[in-house]
Amino acid sequence: MAKDQRNVEAITPMEEDFAKWYTDICLKAELVDYASVKGFMILRPYGYAIWEHIQRIMDGEFKKTGHENVAMPVLIPESLLKKEGELVNGFAPEVAWVTEGGSEKLEERLAFRPTSETMFCDHWSHVLHSWRELPMLYNQWCSVIRWEKTTRPFLRSREFWWQEGHTIHETAEEAIAETEQQLNCYADFCRDALAMPVVKGRKTEKEKFAGAEATYTIECMMKDRKALQSGTSHYFGDKFSRAYDVTFAGRDNTLQYPFQTSWGTTTRLIGAVIMTHSDNNGLILPPAIAPVQVVVLPIAQHKPGVIEAATALRDRLAAAGVRVKMDDSEQSAGWKFAQYEMKGVPLRVEIGPKDMEKGQCCIARRDTGEKAFVPMAELESSVERLLGEIHNNLYAKAEQNLADNTFDLNTWEEVKEMIENGGGFALTKWCGDEACEVAMKEKAGVSSRCMPLKQSGTTGKCPICGKECTTDIYWGVAY
RNA sequence: CGGGGCGUGGCGAAGUUUGGUAUCGCGCUUGGUUCGGGACCAAGAGGCCGCGGGUUCGAAUCCCGCCGCUCCGACCA
């Protein structure tokens, strides 16, 4: 009973208030703190450690396909930002400006980067000369600033941390292949590191990135059945090259414009992980990105030999390459159980006097709550197996949620009904007319999420205008 | 940017209607007993009551302005 009471105080149940549940986890799992400027967040050590694992794994994947990291300046001169009209128009409402340096007013104001296409293009216009130097496959890990109206930790903040990949290629085909490769890289990362299934697709004209020729996306379904765009990959054609005068001498010695891509994922992925896996006891982390994969808790730790036994377990797991921590602080055992559940640690290993007698330890899973007693000799193998099972179980549950709440529908009335009955993704046909897309938002309250890469090839009717058409499209309420 | 809710030690709240110098729980510090699901006893520390102005002998409380958090819309990773 005492536990229930304290849990009610500790965290709002998701059934009661999903938004409050989400922010409770962000704060009480010690991922973030609010900063002193509206919309800015402090990534605390535990939250930043998650981001570091995301960076480490993803960066490794980028490097496997030949990408190199660079660092671009945080400030962009207004004149440079304005060279590409669509990009400027798209971002104008949310750019923050520097107008003074020291005590001097600047002759030209400087934008805090909302994204760095302009800086990359400016740089390339200086350094690119020949087709032999292509492709240039760059990426940077940094933060960007967008002056958002309403803000929430990880999901929408005025500063967020991300990676932005920017590449230029000799041909359109190569650039398009790069766009697809990076989208697949994100989808694979979500599956293998975050245990999150995604819907891969293309954005409509209305939803695509300002200035892009085509925008691809991975869409994820959260536990409240809302959609979260979790990564994007853009194909720019040669639009920016022309705007920024990026040229090279081609194989035929004519001056040519390279074809460009950009792609990004952000700290929003942490928000996605929270809303995909966690429960009313707190965060649940996929083992691949958990800062601590196993916490070792000595029980009755003042009894002779207990700390030593727990230390030995910790050392064995560390030697086996597991990210492990022992907590021998003076808190009670029950407090520690609740604390590490709140922080989403995948496995808890308990060792007490009774276990020592029997030559065993207790392993508890965060995802299912199941406890098992395993012989001491099987510690490493059991931990390895359970971490794998947790990943698979988290993925399976998320996949089930996506499957259970994705509906093949025919009319906007059906879509509206779906939203009113708990939400989800609606898969319908679409005629391609933006007026119908807007009407869907007005009538059913959903926005287009993406046209899936896997198209069925069948014919059906647009749910708004009734026209015969073939395009499959997902609709949903988005974060 | 429009509409609602909220702002009191680190956290959660009471006190505001009817002005009189701040209370409770948790947490924190020290000492002791505990530890297999959020332990207990004792002694302590900690507050420009979001900020600024006004009314008043006196403001957490009344008035004006601003800021922040949050939810619902519109915009976005």
Side-chain angles (χ1 to χ4, degrees), chain A residues 1-12 17-20 22-24 27-28 33-41 90-95 114-115 143-164 186 203 206-210 215 217-220 227-234 262-272 281-282 297-303 306-307 327-342 348-356 361-362 364 369 371 373 441-442 445 447 477-479:
Chain A
M1 186 183 76
K3 187 200 168 198
D4 291 346
Q5 282 175 352
R6 288 183 184 262
N7 274 335
V8 168
E9 280 176 17
I11 187 167
T12 307
D17 186 339
F18 193 85
K20 186 103 193 330
Y22 172 78
T23 46
D24 277 355
L27 296 171
K28 292 186 172 147
D33 190 22
Y34 291 108
S36 52
V37 179
K38 176 185 163 61
F40 286 73
M41 63 177 173
F91 281 103
E94 50 190 46
V95 170
T115 179
S143 73
V144 291
I145 290 186
R146 299 181 185 177
W147 217 253
E148 300 286 352
K149 303 283 168 67
T150 56
T151 58
R152 298 183 66 187
F154 295 121
L155 303 178
R156 182 168 296 100
S157 46
R158 286 181 171 174
E159 178 183 28
F160 55 86
W161 290 268
W162 76 345
Q163 57 72 213
E164 48 178 328
Y186 290 155
K203 286 289 191 187
K206 183 173 179 293
E207 296 282 332
K208 79 175 187 188
F209 180 83
T215 290
T217 176
I218 48 172
E219 298 285 327
C220 299
L228 188 68
Q229 181 174 339
S230 301
T232 53
S233 186
H234 312 291
S262 81
W263 26 276
T265 53
T266 79
T267 38
R268 176 183 267 191
L269 286 173
I270 297 172
N281 290 328
L297 299 183
I299 304 296
Q301 65 191 37
H302 293 301
K303 299 263 169 69
V306 174
I307 294 280
D327 185 349
D328 60 352
S329 70
E330 289 299 317
Q331 298 287 358
S332 71
W335 185 91
K336 290 178 190 173
F337 295 167
Q339 178 66 9
Y340 291 102
E341 280 168 13
M342 179 65 78
R348 179 178 78 233
V349 171
E350 301 170 25
I351 175 89
K354 290 181 224 162
D355 299 316
M356 289 162 63
C361 60
C362 176
K371 283 188 183 186
F373 290 91
K441 175 82 187 172
E442 286 166 359
S447 57
V477 176
Y479 270 98

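Keep in mind that the numbers below use all heavy atoms, side chains included, and drop hydrogens, waters and symmetry copies. Small disclaimer: the values here were computed from a predicted structure and weren't measured.
Defined by atom type and a distance below 3.5 Å, a donor-acceptor pair is missing between the side-chain atoms of D17(A) and T12(A).
Between G25(B) and G65(B), the distance separating the two C1' atoms is 35 Å to the nearest Å. Comparing C62(B) with U56(B), their C1' atoms are spaced 10 Å from each other, to the whole Å. Distance noted for atom C1' between G9(B) and G5(B): 24 Å (whole Å). Using P as the reference atom, A59(B) and G20(B) are 11 Å apart when rounded to the nearest Å. Comparing C51(B) with G68(B), their C1' atoms sit 10 Å apart, to the nearest whole Å. Taking atom C1' on both nucleotides, C69(B) is separated from U8(B) by 15 Å, rounded to a whole Å. Between the C1' atoms of A77(B) and G50(B), the separation comes to 31 Å (whole Å). The separation of A45(B) from U29(B), taken at their P atoms, amounts to 15 Å, rounded to a whole angstrom.
Within 4.0 Å of K371(A), counting heavy atoms only, lies at least one base atom of the nucleic acid. Among the atoms of the strands shown, none is found under 4.0 Å from any heavy atom of G264(A).
Across every strand in view, G68(B) sits in a pair with C6(B) that passes the Watson-Crick or G-U test at under 3.5 angstrom. For C75(B), there is no paired base (Watson-Crick or G-U wobble, both distances below 3.5 Å). Checking C57(B) for Watson-Crick or G-U wobble geometry (two distances, each under 3.5 Å) identifies G20(B) as its partner. Base pairing analysis places C11(B) opposite G25(B); the two distances defining the Watson-Crick or G-U wobble pair are each below 3.5 Å. With a 3.5 Å ceiling on both atom-pair distances, G46(B) lacks any Watson-Crick or G-U wobble partner. Here C40(B) sits opposite G32(B) as a Watson-Crick or G-U wobble pair (both hydrogen-bonding atom distances under 3.5 Å).
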Practice task
Let me have a per-nucleotide readout for nucleotides 65-77 of chain B, 5' to 3', with B, S or -, counting only protein heavy atoms under 4.0 Å.
Solution key: ---SSSS-BBBBB
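Under the rule for a side chain to side chain contact (heavy atoms under 4.5 Å, CB included), the partners of R348(A) that lie at least two apart in sequence or sit in another chain are V295(A), L297(A), F337(A), E341(A), E350(A), A364(A), K371(A). E164(A) meets the salt bridge (charged side-chain N to carboxylate O under 4.0 Å, His left out) test with no other residue; sequence neighbours excluded. Here K206(A) pairs with T204(A), E434(A), E437(A), V438(A) under the side chain to side chain contact (heavy atoms under 4.5 Å, CB included) rule; sequence neighbours left out. When the side chain to side chain contact (heavy atoms under 4.5 Å, CB included) test is applied to S329(A), the partners found at least two apart in sequence or on another chain are D327(A), Q331(A), K336(A). Legend: residues meeting side chain to side chain contact (heavy atoms under 4.5 Å, CB included) with A92(A), ordered by chain and number and at least two apart, are absent.
Between F91(A) and F209(A), the gap from one ring centroid to the other is short of 6.0 Å.
To the nearest angstrom, C1' of C11(B) lies 15 Å from CD1 of I11(A). E330(A) places its CD atom 12 Å from the P atom of C28(B), with the value rounded to the nearest Å. Here A39(B) presents its P atom at 13 Å from CG of L297(A), a figure rounded to the nearest Å. Rounded to a whole Å, the CE atom of M356(A) is 16 Å from the P atom of G36(B).
T215(A) pairs with exactly one of E207(A), H234(A), K208(A) by the side chain to side chain donor-acceptor pair (under 3.5 Å) rule, that one being H234(A).
Nearest to the side-chain atoms of E350(A) among the listed nucleotides G36(B), G38(B), C28(B) stands G36(B).
Between the side chain of R348(A) and the base of G36(B), no donor-acceptor pair of N or O atoms lies under 3.5 Å. For Q331(A) against G38(B), a side-chain-to-base donor-acceptor contact under 3.5 Å is absent.
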